[in-house]
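Working notes for the structure below.
All values reported here derive from a predicted model rather than from experimental measurement.
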Amino acid sequence: MQPADKSNLLRSEAELLLERARKDKAERTQDVGSPIAITGKALAIEIRENIAWIAENTTVIRKLDLETGKTLALFKGHTAPVTSLAFIDRRPGSGDANLLVTGSWDKTIKIWDVEKKQLISSTPGHADFVKALLVIPPLRLLVSSGSDKVLRFWDLSTAADGQSLTAVGSLTEHARPVESLDAHATSETSAVLYTADTMGVIKVWDIKKDDGTPPRWQSTLVEELKHHRTRINDMVYGNGQLWTASTDETVQVIPQAAAAAAAAAPPSAPGTTVRPPPPIQHPTAVKALLPLSLTPLAEPYLLTGAGDVIRAFDVSSPEEPELLAEVDAHWHDVTALRLWMRRSAVEGEKGRVMVEPWIVSASLDGTIRRWRLSELLQPPPPPPPKKAEEEEKPKPSESSAKASDSLGMTEEEERELAELMDED
């Protein structure tokens, strides 16, 4: 008789404890944040006016009304989880955002007409999962990254024509897959591109459109940043600052001096090293961040999602960030935080519209939640504890159903998804 595998036994016990804790928390948090349950898990989300566009692991893109919680449309065409989405102007510079571009584990990049709810084109994008997409509007350029460790550039000038996208360049210098992208245009034919991989390495590129026929995009590496120890889960550039969230349990910001010096340095010049502010520590991996200073609010606050908790920091002094609040927001990992400038009619005042800042959070618990920004910065006091007789009422089947049914997945499927999302 073979001896029992103690490591498997211990792992199983740990998994059972985690599952039990999540079920308990699912019941405690079932009403917080005005939750909207979706069929699957949100792997990416974008907010446009009062609409959330959600890339789901169920192979669909969901158009969701944030006011009513109702699904307005489902875009079907991918054959595997949808990992990323972005918008394109049909008429360059118009801001109409009538075209939607999506990437998937089915290795394709698809373009959709959001008004007609139709698939326009499908392009074989990578040899493995498509991990991330970035549109650089002034350049009419799409950047994609995949599990194949390759980054590709795609011409968007004919995105509405119904033909497959044309590849106009690539990068193969990363040793691990890139999951976070950002950029800022420096002219109509150049940009600074930031690429962050699952080893925690960030590369800063100067990309330029050449004069060839047809033209292609050439890239020059101008800086390599290694201030994180491992995977970078989220990255945002703006106002001369590069904000990053990592599995190493920190958020870090590279100030303007470093980013600007890297972008301006000639190809032959050595990298310019500027000491960043101290990292903002968290108790677990940070999956999402939202620096409000980079939004239209321009406020000195930072929101982060680490585990199932949303934290708010005052970062008016980057050298001494202050933790303002912690909110038990979900019962599973928070994967995205987005600003929602909620527009609503003022009762009794015809034609008047009130605009109020809200935050939308997405999570692996299968919900989208809506928060007043003021409540995240200064949470209300917790509700009074339940009476003893209320706590004794058994509700195991109900809480279990809510914790599992909201996902629409079996435990084995959930574990497989987590493994695939973490694959290098």
Side-chain angles (χ1 to χ4, degrees), residues 84 86 131-146 148-154 168-210 216-248 250-280 286 289 291 293-294 302 318 424:
S84 46
K131 288 278 192 177
L133 297 174
L134 173 70
V135 172
I136 311 177
L139 277 54
R140 297 293 284 173
L141 184 69
L142 171 69
V143 183
S144 67
S145 65
D148 56 7
K149 307 171 191 175
V150 177
L151 289 100
R152 299 191 187 281
F153 301 151
W154 307 91
V168 289
S170 64
L171 290 171
T172 58
E173 280 76 5
H174 277 277
R176 294 294 178 89
V178 168
E179 293 192 344
S180 296
L181 300 166
D182 210 344
H184 63 97
T186 52
S187 74
E188 292 184 353
T189 58
S190 63
V192 175
L193 173 66
Y194 302 90
T195 60
D197 66 27
T198 58
M199 279 289 286
V201 176
I202 301 170
K203 295 181 185 289
V204 184
W205 307 88
D206 180 19
I207 63 172
K208 293 183 178 179
K209 192 176 185 179
D210 66 21
R216 292 180 64 81
W217 288 86
Q218 306 298 330
S219 307
T220 302
L221 180 64
V222 293
E223 182 71 90
E224 190 170 277
L225 306 172
K226 296 182 178 180
H227 52 286
H228 283 293
R229 299 191 308 273
T230 186
R231 174 191 304 266
I232 293 170
N233 299 307
D234 203 359
M235 177 171 64
V236 184
Y237 176 86
N239 296 341
Q241 296 178 325
L242 186 67
W243 292 83
T244 51
S246 172
T247 300
D248 68 8
T250 69
V251 167
Q252 299 205 40
V253 55
I254 299 298
Q256 182 176 7
S268 59
T272 302
T273 302
V274 176
R275 193 175 190 85
I280 301 175
V286 188
L289 59 77
S293 60
L294 307 187
L302 169 69
D424 290 349

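Remark: Asp148 engages His126 in a side-chain hydrogen bond (donor to acceptor under 3.5 Å, both in side chains) (not counting sequence neighbours). Listed by chain and residue number, Asn233 satisfy the side-chain hydrogen bond (donor to acceptor under 3.5 Å, both in side chains) test with Thr247 (two or more places apart in sequence, or in another chain).
Side-chain contact between Val286 and Asp234: absent, with no pair of heavy atoms (C-beta onward) separated by less than 4.5 Å. Side-chain contact between Leu171 and Phe153 is present, with heavy atoms from C-beta onward closer than 4.5 Å. Counting heavy atoms from C-beta on, the side chains of Val236 and Leu289 come closer than 4.5 Å. Between Ile207 and Gln218 there is no side-chain heavy-atom pair separated by less than 4.5 Å. Annotation: side chain of Trp154 is not in contact with side chain of Leu141 (no heavy-atom distance under 4.5 Å). A heavy-atom distance below 4.5 Å is not found between the side chains of Ser145 and Val150. With a 4.5 Å cut-off on side-chain heavy atoms, Ile280 and Thr250 do not count as touching. Between Ile202 and Leu242 the shortest side-chain heavy-atom distance falls below 4.5 Å.
Here OG1 of Thr198 is found 5.5 Å from CZ of Arg176. Values are rounded to the nearest 0.5 Å.
Between Glu173 and Lys203, none of the side-chain N atoms (NZ, or NE/NH1/NH2) sits under 4.0 Å from a carboxylate O, so this pair counts as no salt bridge.
Judged purely by distance below 3.5 Å, without hydrogens or angles, the side chains of Thr220 and Trp205 never pair a donor atom with an acceptor atom.
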